[in-house]
Amino acid sequence: MNPPSLLPILCYPDPRLRTVAKPVAAVDDRIRELIERMLATMYDANGIGLAATQVDVHERVIVIDVSETRDEPLVLINPEIEWASPETRKGEEGCLSVPGIYDGVERSIAVRVRALDGQGKERTLDAQGMLAVCIQHEMDHLMGKVFVEYLSPLKRDRIKSKLVKAQREALRT
């Protein structure tokens, strides 16, 4: 059996990253194949999370793996945060759609999320620490928001200029 083919990851400031994802109507073979390809893409890029929006599929699907061993994939379809802790912490975040950029973002330290898993079964998950941050970060993508939007306009403009320049240079080579 061939490994799943990788998906191209959209890079900020691509306007498609601003698209709000639609709910998944049914967890069928098409969605299961998307999940396999998203996981392969995330692992290949050394990421810990990937939202379907980042691979130009505008449906509410997220894959995450924050494990040290990179073998504990978590699939969240149509995720909804039911509760977020009022206590927050500012932590360094990066993003596969914003390569090489890391900055501080304020997030709730714990969340409870309800979602469908890869088999279409509803589940509720209590998450804290890195997993809670990752869930919030990826859910932002489903709403058309990239983490740099939490930064000051000056920082955001510098990041945009840097990435646009890097994309232009990559096209020349």
Step-by-step side chain to side chain contact (heavy atoms under 4.5 Å, CB included) determination, V55 to M38: CA-CA 8 Å; V55 293; M38 285 176 63; 4.2 Å; yes
Neighbour count >12 (heavy atoms, 6.0 Å) for atom CD, E149: yes
Neighbour count >12 (heavy atoms, 6.0 Å) for atom CZ, R18: no
Does [X] share a hydrophobic cluster with [Y], counting links as ILVMFWY side-chain heavy atoms below 4.5 Å and allowing steps through other members?
X    : Y    : answer
V105 : I101 : yes
V24  : V57  : yes
I31  : L6   : no

Can you tell if the side chain of [X] reaches within under 4.5 Å of the side chain of [Y], non-hydrogen atoms only?
X    : Y    : value
S97  : L17  : yes
I35  : V61  : yes
C11  : V98  : no
L116 : K121 : no
P99  : L163 : yes

How close do [X] and [Y] get, heavy atom to heavy atom, and via which atoms?
X    : Y    : value
S85  : S108 : O-OG, 2.9 Å
I77  : G118 : CD1-CA, 4.2 Å
P79  : A115 : CA-CB, 3.7 Å
C134 : G49  : SG-CA, 4.0 Å
A132 : A110 : CB-CA, 4.0 Å
L39  : P73  : CD2-CB, 3.6 Å

Salt-bridge contact R60-E138 (side-chain N to carboxylate O under 4.0 Å): no
Ion pair check, D117 and R123, cut-off under 4.0 Å: no
Between atom [atom1] of [X] and atom [atom2] of [Y], what is the distance when rounded to the nearest 0.5 Å?
X    : Y   : atom1 : atom2 : result
T53  : L10 : OG1   : CG    : 9.0 Å
E59  : T19 : CD    : OG1   : 12.5 Å
I159 : Y12 : CD1   : OH    : 7.5 Å
E36  : L7  : CD    : CG    : 11.5 Å
L50  : L96 : CG    : CG    : 6.0 Å
C95  : Q54 : SG    : CD    : 4.5 Å

Steps toward salt bridge (charged side-chain N to carboxylate O under 4.0 Å, His left out) verdict (D140, R107): CA-CA 11 Å; D140 276 353; R107 301 270 189 197; 2.8 Å; yes
Residues R37 and S5: side-chain donor-acceptor under 3.5 angstrom: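 There is such a pair (donor and acceptor under 3.5 Å, judged by atom type) between the side chains of R37 and S5.
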Cation-pi, Y150 ring and K155 (6.0 angstrom, 45 degrees):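 No cation-pi geometry.
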Partner set under salt bridge (charged side-chain N to carboxylate O under 4.0 Å, His left out) for D29, not counting sequence neighbours: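 Listed in chain order: R32.
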R114 and E82: CA distance, side-chain angles, deciding distance, salt bridge (charged side-chain N to carboxylate O under 4.0 Å, His left out) verdict: CA-CA 7 Å; R114 183 174 33 82; E82 292 188 329; 2.6 Å; yes
Hydrophobic cluster of I64, others only, ordered by chain and residue number, side-chain cut-off 4.5 Å: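 I48, I62, V66, L74, L76, I81, V111, V113, L125, M130, L131, I135, M139, L142, listed by chain and number.
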Qualifying side chain to side chain donor-acceptor pair (under 3.5 Å) pairs, either residue in residues 159-169, two or more places apart: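 Those involving residues 159-169 do not exist here.
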Donor-acceptor contact present, side-chain D65 to main-chain Y43, <3.5 Å: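 No, because the side chain of D65 does not come within donor-acceptor range (under 3.5 Å) of the backbone of Y43.
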Qualifying residue, where the test is side chain to side chain contact (heavy atoms under 4.5 Å, CB included) with F147 and the options are H141, Q136, E93: E93
